[in-house]
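These values consider heavy atoms only, across backbone and side chains, with no hydrogens, waters or symmetry-generated copies. Residue numbers begin at 1 in each chain, while the letters A, B, ... track the order of the sequences.
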Number of protein chains: 2
Amino acid sequence: MKPNARERLIEGTRQLLWERGYVGTSPTAILARSGVGQGSMYHHFDGKPDLVLAAEQRSAELMQQQIAEAFAVEGTALERITGYLKRERDVLRGCSVGRLTADPEVMADDTLRAPIREAFEVQHEHLRRTIAEGVADGEFAGDLDIDETASAIAAVIQGGYALARAAQAVEPFDRAIRGVLSLLRASAPRAN
Amino acid sequence: MKPNARERLIEGTRQLLWERGYVGTSPTAILARSGVGQGSMYHHFDGKPDLVLAAEQRSAELMQQQIAEAFAVEGTALERITGYLKRERDVLRGCSVGRLTADPEVMADDTLRAPIREAFEVQHEHLRRTIAEGVADGEFAGDLDIDETASAIAAVIQGGYALARAAQAVEPFDRAIRGVLSLLRASAPRAN
DNA sequence: GTCTATATTCGGATAGAC
DNA sequence: GTCTATCCGAATATAGAC
């Protein structure tokens, strides 16, 4: 119980939001998961929305970190994109940030939506920059639309989770990733 | 109030599930949305899970119908796929079937998950058949992996919704769709 | 078949003691 | 700062009248 009640509350809420979304995450469940008492919760946070915001910011932060790390490696553009898409993921769990786009309470509130929006903007920037480098290096076709390609890749990740969960199997996710990577590879100017 | 209390209950539940998911859909809200009384609901259905199953089946059925219609048109494989991806959609509302993959109550119960799984299987079959035709006709590269490509396309749709909702704008969805279509077009054997 | 009444549990929070 | 007690309304039903 040492690691700071505040910290434990944020992490417990983050996990619950990831699994069950906004309505599915009750104060009672948060307390049980965090191992702190009710008094602590209302001491550190104004209420559920406030705590949820802190948990969201944490998830968004972690997502941005993982993206930055994945793209910080050496290699060609295709290698870095492949590395990011194929990095270790708990596929059936899905994306802790993407999950929240399903929640109307989160989407309807600009404050609660902001961390989600920003995390995807950062992801888009990393993809766009890397694809642009690939085009500049002649690795990808010169007429490839950078933004469209970046959005397609980001969508494959989020949608891959949905397909995998529907099937309760990792395979559809992996297939979708391999599919978009093959298309990207095939779009190379003349090589391959 | 004529169109059958049962029918109204299914449609009301379907809409609520679409918007708010399983936990977010309360009996009280269903009654309000459907305009029927509590007695009717427990007369026609065993309880919430039973009614939810009926609503899911309806959503899955509608999705399968729309897919079948979109692919029943004349045209090249690319034209039919483009037509399906660009057909009218209420993008910010997302997919009534895909939404449910976010719900742990639905994913944990094989009975409740079945309609979702089946709808995506049917979608995959349509995509796979159409892509296979495109390959046979020399429209797409001969070494294109049919299943991987089909999964990538299906993922772009579902993930596109997530990106659009995060931004509260249709643009990311449209960009992702255009992106995957460009990649598909660019993968053509030698044409273009 | 549909309605109203009632029951039980939980969600979300306040109050005040320690 | 954390704990326990308490509060009110909503979620999810059951019972029984019409």
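- Remark: A:Arg80 engages A:Glu133 in a salt bridge, criterion side-chain N to carboxylate O under 4.0 Å.
- Contact check on A:Glu7 versus A:Arg58 returns a salt bridge, with a Lys/Arg side-chain nitrogen under 4.0 Å from an Asp/Glu carboxylate oxygen.
- Note: CD (B:Glu7) to P (C:dT2) measures 13 Å, nearest angstrom.
- The residues A:Arg8 and A:Glu11 are annotated as not salt-bridged, no charged nitrogen and carboxylate oxygen being separated by less than 4.0 angstrom.
- One atom, CD of A:Glu105, and another, P of C:dG12, lie 10 Å apart when rounded to the nearest Å.
- The separation between A:Gln38 atom CD and D:dC7 atom C1' is 12 Å, rounded to whole Å.
- Counting only heavy atoms from C-beta on, A:Pro27 has its side chain closest to C:dG12 among D:dT12, C:dG12, D:dT2.
- What separates CG of A:Asp50 from P of C:dT14 is a distance of 12 Å, to the nearest Å.
- Between B:Gly37 and A:Tyr42, the residue anchored closer to the 5' end of DNA chain C is B:Gly37, taking for each the nucleotide with the nearest heavy atom.
- Electrostatic pairing of A:Glu105 and A:Lys48 does not count as a salt bridge here, judged by no charged N lying under 4.0 Å from a carboxylate O.
- Taking atom CG on A:Leu31 and atom C1' on D:dT4, their separation rounds to 13 Å, with Å as the unit.
- Here D:dG1 is the nucleotide among D:dG1, C:dT2, C:dA13 with the atom lying nearest to any side-chain atom of A:His44.
- Atoms CG (B:Leu51) and C1' (D:dA11) sit 15 Å apart, rounded to a whole Å.
- Contact annotation: A:Thr28 reaches the phosphate of C:dG11 (side-chain N/O to OP1 or OP2, under 4.0 Å).
- In this structure, the NE2 atom of B:His43 is 15 Å from the P atom of D:dT14, given to the nearest Å.
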Taking it one step at a time, do A:Arg129 and A:Phe71 satisfy side chain to side chain contact (heavy atoms under 4.5 Å, CB included)? CA-CA 10 Å; A:Arg129 189 176 314 129; A:Phe71 282 102; over 6 Å; no
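- Picking from C:dA13, D:dA13, C:dC3 the nucleotide with the shortest atom distance to the side chain of A:Pro49 gives C:dA13.
- When each of D:dA13, D:dT2, C:dT2 is scored by its nearest atom to the side-chain atoms of A:Ala5, the top-ranked nucleotide is D:dT2.
- Between the P atom of D:dT12 and the NZ atom of B:Lys48 lies a distance of 4 Å, rounded to the nearest Å.
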